[in-house]
Amino acid sequence: MADLNPTAASLLGFLHGGEASGYELVHTAEQLIGDFWTLTRSQVYRELTALAGRGFVEAGPAGPRSRQPYRLTDEGRAAFAAWLAEPPGSEQIRYPLLLTIAFGSALDRDRLTEFIAGHRADHEKRLADYREKVAAGAPDRFTEATLAFGIRYEEAVLAWMDELPAILDGR
């Protein structure tokens with residue numbers, strides 16, 4: 001195995017689609033995996049530098065706006081294939097609202113209710129977006145599977161939010 005972290009591996013995966021700058025890779029990540037895997041700009045540029053140092057990508061000459069394109073090398077393709085063939089690690093929920101609720105006894109109830117309402121609106125929007133994408137037709141079965149998970153996840157979170165008032169009131 002090439003000992004890649006998931007962020008580096010995702011960049012190699014995106015570069016299978018062709019040459020791209022760090023800026024373009026950030027945009028691609030936001031569009032394709034942003035709802036379930038976050039990449040910051042600084043992570044992308046740091047990983048691209050490391051990947052280039054390992055020979056997995058090659059940087060081209062800087063273009064407009066000093067954007068430097070990167071392309072996948074044969075070594076990068078092999079490293080990505082090796083990473084992809086390994087079993088994925090266990091998921092870890094990192095949901096800021098849950099952290100706040102865990103310490104909710106130290107927070108004003110009205111403020112906590114505001115936080116929940118804000119998150120509910122985000123989840124309702126995400127659910128609507130996923131349903132729109134399904135209605136438009138997923139480009140492949142893998143995207144369809146990812147969208148199906150997103151829909152079920154958002155439905156589950158919204159159902160949990162429906163139960164929160166009774167749970168938090170001790171009913």
Minimum heavy-atom separation for [X] and [Y], please, with both atom names.
{"X": "Leu72", "Y": "Phe56", "result": "CD1-O, 3.7 Å"}
{"X": "Pro61", "Y": "Pro69", "result": "O-CD, 3.1 Å"}
{"X": "Thr73", "Y": "Gly55", "result": "OG1-O, 2.6 Å"}
{"X": "Trp83", "Y": "Ala9", "result": "CD2-CB, 3.2 Å"}

Can you establish whether the number of heavy atoms outside Phe36 located under 6.0 Å from its atom CZ is more than 12?
-> yes
Residues forming a salt bridge (charged side-chain N to carboxylate O under 4.0 Å, His left out) with [X], sequence neighbours excluded:
{"X": "Arg71", "value": "Glu58"}
{"X": "Glu75", "value": "none"}
{"X": "Asp122", "value": "none"}
{"X": "Glu154", "value": "Arg126"}

Report the relative orientation of the aromatic rings in Tyr95 and His123; use parallel for angles under 30°, tilted for 30 to 60°, perpendicular for over 60°.
-> perpendicular
Side chain proximity check, [X] to [Y], heavy atoms < 4.5 angstrom:
{"X": "Leu11", "Y": "Tyr70", "result": "no"}
{"X": "Ile116", "Y": "Leu168", "result": "yes"}
{"X": "Leu25", "Y": "Leu48", "result": "yes"}
{"X": "Asn5", "Y": "Glu47", "result": "yes"}

Measuring from Leu4:CG to Arg54:CZ, what's the distance to the nearest 0.5 Å?
-> 5.5 Å
What pairs meet the side chain to side chain donor-acceptor pair (under 3.5 Å) rule with one or both residues in residues 132-146, with sequence neighbours excluded?
-> Asp140-Thr143
Output a table of donor-acceptor pairs, distance under 3.5 Å, between side-chain atoms of residues 99-108 and any protein atom two or more places apart or on a different chain; print 'none' if there are none.
from   : atom 1 : to     : atom 2 : distance (Å)
Thr100 : OG1    : Pro96  : O      : 3.3
Asp108 : OD2    : Asp110 : N      : 3.1
Asp108 : OD2    : Arg111 : N      : 3.2

Give the C-alpha distance, both sets of side-chain angles, the deciding distance and a yes or no for side chain to side chain contact (heavy atoms under 4.5 Å, CB included) between Asp169 and Arg109.
-> CA-CA 10 Å; Asp169 288 340; Arg109 177 62 186 265; 2.7 Å; yes
Do [X] and [Y] belong to the same hydrophobic cluster, where Ile, Leu, Val, Met, Phe, Trp and Tyr are linked whenever their side-chain heavy atoms lie under 4.5 Å apart, directly or via other members?
{"X": "Ile33", "Y": "Ile93", "answer": "no"}
{"X": "Trp37", "Y": "Val44", "answer": "yes"}
{"X": "Leu147", "Y": "Leu32", "answer": "no"}

Would you check, one step at a time, whether the test side chain to side chain contact (heavy atoms under 4.5 Å, CB included) holds for Val26 with Leu39?
-> CA-CA 7 Å; Val26 168; Leu39 299 178; over 6 Å; no
What pairs of residues pass the ring-ring contact (aromatic ring centres under 6.0 Å, His included) test when at least one of them lies in residues 151-171, not counting sequence neighbours?
-> none
Stepwise, does the side chain to side chain contact (heavy atoms under 4.5 Å, CB included) test hold for Leu51 with Leu15?
-> CA-CA 12 Å; Leu51 290 168; Leu15 287 170; 5.9 Å; no
Can you list everything that forms a side-chain contact (heavy atoms from CB on, under 4.5 Å) with [X]? Sequence neighbours excluded, please.
{"X": "Thr49", "value": "none"}
{"X": "Ala148", "value": "Arg152"}
{"X": "Arg120", "value": "Glu124, Leu158, Met161, Asp162"}
{"X": "Tyr23", "value": "Ser21, Arg41, Tyr45, Arg67"}

Could you tell me which residues satisfy ring-ring contact (aromatic ring centres under 6.0 Å, His included) with Phe142, sequence neighbours excluded, listed by chain and number?
-> none
